[in-house]
Structure formats: C-alpha cells, structure tokens
Amino acid sequence: MATNLPAQTKVKRILIANRGEIAVRVIRTCREMGIETVAVYSTADKDNLHVKMADKAICIGPAPSAQSYLKMESILMAAMHTQSDAIHPGVGFLSENAAFARLVRDNGLIFIGPDPEVIELLGDKVQARETALKYGLPVTPGTGAVIANEGAIEEAKKLGFPVIIKAAAGGGGKGMRIVRKAEDLEENITLASREAQANFADGTVFIEKYLENPRHVELQVLADGNGNVAILGERDCTVQKNHQKLIEESPSPGVTDKMREAMAAGAIPMFASLKYKGAGTIEFLAEEEKFYFMEVNARVQVEHPVSEFVSGIDIIRQQILACTTGSMEIDPVQINLKGSSIECRINAFTPGTITRLEIPGGIGVRFDSFLYNGCTIPPHYDSMVAKLIVYDTDRKKALAKMDRALRELVIEGIKTNIERQKFIINHPVFHNGVFGTSWYADIEKEIENGR
Ligand code: ADP
C-alpha cells in the first residue's frame with residue numbers, strides 16, 4: 001500500500017551518536033524538520049562543526065573512539081540527560097551494533113534504524129547470504145562458515161581459485177584475504193579468523209569465489225517498517241582503493257534496466273518481509289549482466305547524497321519519519337529518477353589545521369563536510385573530511401561539473417586526495433565507464449607519477 005500521506009513525527013529532540021560530516025548532515029535535516037539536536041563529542045572534537053551546530057552538546061569522553069563514540073552507556077546517559085526522544089547513529093561507530101540498538105530501545109528511546117533483530121541477521125554476512133538466496137537473489141558463489149582444517153580446502157577447490165576469505169561480521173573493507181593457491185588456504189583461514197576475532201569480536205569466516213574485476217553496484221532502500229519498500233535506484237562504487245570506496249555515482253554506467261529491475265525484484269520482498277525500517281543498502285558485485293548479492297548495510301551510507309540528487313528525496317528525513325512514525329512521505333511505486341550524480345570522497349592524508357578553505361558552488365554542486373577555516377583535524381578518526389557531490393542532466397555534464405568543482409575546491413593546511421580525484425574524473429577510462437574494482441590499483445602508478 002502506498003504511504004504518500006504526509007507523515008508527521010512527534011519526536012522533539014534527537015541525539016546524534018556520531019561526529020564529523022555525517023553528524024552535520026543529520027543536524028541539517030533535523031533543523032528543517034523542526035527537531036532539536038544534541039551532539040556528543042570527544043575531548044579531541046570540542047571545536048568540531050557538529051558541536052557548534054547542534055542545539056546542545058555533551059562531552060562523552062577522551063579522544064580514542066573506544067572511550068567515547070563507541071561507549072554505549074555514555075551515549076545513552078547523554079540522551080537521557082538531555083531528554084532526547086531518539087538516537088541517530090550516523091554511519092560507522094555504533095550504527096550497525098545490534099546491542100546498542102537494543103539498549104536504546106530497552107531504555108524507551110527510539111533508535112533511528114532497523115530493529116536490533118534485523119541488524120543482527122543482516123550484520124552476519126553468512127546469514128544475510130542465506131536470506132538473500134531465499135528471495136531468489138543470486139549470491140556470490142561461496143561457503144557457509146568455515147574452519148581451517150575441516151574440509152575448507154575441498155570447498156574452496158569446488159569454488160575454484162582464486163577465493164576470498166571474509167569475516168562474517170566484517171565491515172569497512174577490513175579483514176579480507178585473497179588466496180590464489182590451495183596450499184595457502186589453511187594458514188590464511190587461521191589468520192583471517194584471528195583478525196576477525198580481534199576486530200569484530202567474532203572469528204567466524206567464510207569463503208567466496210574471488211571475482212577478478214567486477215563492478216560494485218548497490219541499491220538504496222527506504223522502508224517504513226510496515227512492509228512498504230522504496231528503491232531509489234542504484235549507485236556504482238567501483239572506484240575503490242584497498243576495497244574502500246573513493247568515487248560513487250548514480251546511475252551506474254554498467255547497469256541495464258533489466259539488471260536494475262531484477263535486483264529490485266529480489267530486494268523488495270526481502271526488505272518487506274524483514275519489516276525493515278529506515279535507510280539501508282543492498283550491495284552486489286556485477287560482471288557484465290550478471291550480478292551477485294554481497295551484503296546489506298543496515299544504515300545510511302556515506303554515498304547516499306548521489307541517490308538524493310537523482311531522486312530528489314532527503315533520505316535522512318524519510319529515515320527519521322519511518323523510524324519514528326512507521327510511515328514515509330514517498331510512494332514506493334512513484335520514485336522518479338532523473339539525471340546523473342557523482343560523489344568524490346575527499347580524504348586527508350595528514351591531520352592538521354585548515355589554513356585556507358574555498359568551497360565550490362553553483363547549480364548542482366553540494367559540499368558535505370565538517371571543515372571550516374581554522375578548524376583542526378584530529379588524528380584519531382576516519383580520514384574522510386568532505387564529500388563533493390554534483391548533479392546534472394546526464395553523465396557527461398556531471399563529469400564536466402565535477403572537474404570544475406574539484407578545481408574550485410581549495411583545502412590548505414593538510415594533505416588531501418583532491419589531485420588524485422581530478423586525475424580519475426578526467427581519465428578516459430572513467431569517462432567510458434567500462435572498468436572494475438581493480439582499475440584504481442592499475443592506474444595508481446600513473447597517478448603517483450602525476451601523468
Ligand atoms: P565490507 O563490508 O568490509 O565493506 P564487502 O563485503 O562490502 O566488505 O566488500 C567490499 C569490497 O571488497 C567489494 O566492493 C569488492 O571490491 C571486494 N570484494 C568483496 N567480496 C569480493 C569477491 N567475492 N570478489 C571480488 N571482490 C570482492
């Protein structure tokens with residue numbers, strides 16, 4: 001059933017359990033919705049932009065994330081103390097932590113995200129693969145959980161080398177190992193499992209066939225928690241360095257209407273039956289017309305603005321409405337996607353103080369960031385300091401716009417990847433749109449030589 005009635009939330013105050021650009025992003029939408037915001041911050045972030053922008057701000061601990069942004073009890077206390085009605089987890093940190101979502105719910109607050117049971121199911125990649133299979137989605141050929149010396153070699157041989165060992169609880173491109181020969185498998189399973197245990201407190205690993213140069217394609221999902229599921233088209237995140245995304249765009253130059261429809265045909269009933277709530281992403285690897293389910297990220301993603309540009313929908317607004325009212329302002333069957341949008345992640349190679357900042361502007365240009373003149377980038381957190389996003393009526397124009405916006409962007413005082421992004425955006429292969437996830441590694445030498 002369509003839910004195009006104007007949804008209204010009674011929520012008055014939201015605490016944002018995050019920092020940096022995503023905290024700023026959430027504050028902006030809250031303000032437009034008339035919702036007050038509470039920022040939390042570590043001592044290293046006392047002058048961070050999100051602290052200045054929020055209606056209230058509470059220090060939750062020292063610089064290391066484990067003692068601040070990952071400290072569930074401190075964040076909950078801050079929310080209770082400020083009489084917040086809900087907590088928005090942003091991306092990273094506690095955003096896919098089922099225990100945190102449960103703690104928030106058990107204390108009578110609203111978690112802006114799916115239910116903890118759903119986060120748990122989707123957060124385990126082995127279980128998520130099984131769930132996707134149930135809805136007829138092709139998954140990357142692979143195994144269930146494996147143990148080093150118990151038939152894993154046989155299973156990997158069946159898949160055919162190379163294979164990739166992945167952590168069931170993995171994320172952020174961490175803990176993956178590519179294995180090209182049977183004799184290297186056992187040792188790598190042991191190492192991967194140890195790494196997984198150390199990073200994600202769960203040593204479960206599984207094996208997938210390693211696709212040599214696929215595209216990374218994902219669907220943006222918005223769901224109201226009552227079975228209404230909207231797909232805001234796909235994003236292409238094929239430009240990656242060490243499995244981490246650098247540039248994203250929508251639509252994908254490698255996805256046909258047929259593929260898009262087939263992906264959505266599996267994703268919609270899957271998210272509907274899970275009673276999925278809020279924003280989520282279903283990720284696939286694609287080789288030509290073939291695509292394989294990889295995982296679900298049960299939260300908003302860094303690259304969501306490209307989907308906002310092509311759909312005209314504020315994803316954070318609909319996410320908040322879905323999670324606080326059970327309905328959204330959009331009609332899933334009437335999502336109109338138009339034009340082409342590209343995002344460049346701007347990463348800092350060094351911490352430091354911004355001595356000069358010039359932000360690009362003009363029609364179809366968006367700059368999501370926590371930078372301001374004179375601000376300090378602490379060394380403790382993610383290296384991404386900004387996202388530059390452009391929109392135009394077609395990909396060719398969007399590329400020209402990104403080039404001119406990157407030329408306008410000036411960030412001094414720290415070293416950034418702006419020059420690299422210019423190089424990629426202007427590369428003939430990127431213009432053609434025919435490339436895979438290993439393309440960036442191929443051109444890195446050219447980039448370093450400044451050619
Ligand atoms: P994470 O959750 O850590 O981000 P993902 O499972 O989303 O990990 O994978 C991240 C990236 O790793 C993918 O976009 C892709 O480049 C690479 N990758 C993952 N699985 C495979 C595979 N089976 N074959 C080839 N590349 C893969």
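Read the numbers this way: they start at 1 and go in the same order the structure lists the ligands and their atoms. Positions are given from 1 along the sequence. Note: hydrogens, waters and symmetry copies are ignored here, and every other heavy atom, side chains too, is used.
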**Student:** Select all protein residues for which some heavy-atom-to-ligand 1 distance is less than 4.0 Å, and list them by chain and number.
**Tutor:** Lys125, Thr140, Ile164, Lys166, Gly170, Gly171, Gly172, Gly173, Lys174, Met176, Glu208, Lys209, Tyr210, Leu211, His216, Gln240, His243, Glu283, Leu285, Met294, Glu295, Thr437
**Student:** Decide whether Thr281 and Arg299 meet the rule of one side-chain donor and one side-chain acceptor closer than 3.5 Å.
**Tutor:** no
**Student:** Check ring pair (Phe, Tyr, Trp, His ring centres under 6.0 Å) between Phe200 and all other residues, then give those that pass, not counting sequence neighbours.
**Tutor:** none
**Student:** Return each pair, listed once, that meets ring pair (Phe, Tyr, Trp, His ring centres under 6.0 Å) where at least one residue sits in residues 229-286; pairs must be two or more places apart or across chains.
**Tutor:** Phe271-Tyr276, Phe284-Phe291
**Student:** Under 6.0 Å from the NZ atom of Lys71, do we count more than 12 heavy atoms belonging to anything else shown?
**Tutor:** no
**Student:** So, Glu343 and Arg366, do they make that salt bridge, N to O below 4.0 Å?
**Tutor:** no
**Student:** Give every residue pair that meets the salt bridge (Lys or Arg N to Asp or Glu O under 4.0 Å) criterion with at least one member in residues 425-435, sequence neighbours excluded.
**Tutor:** none
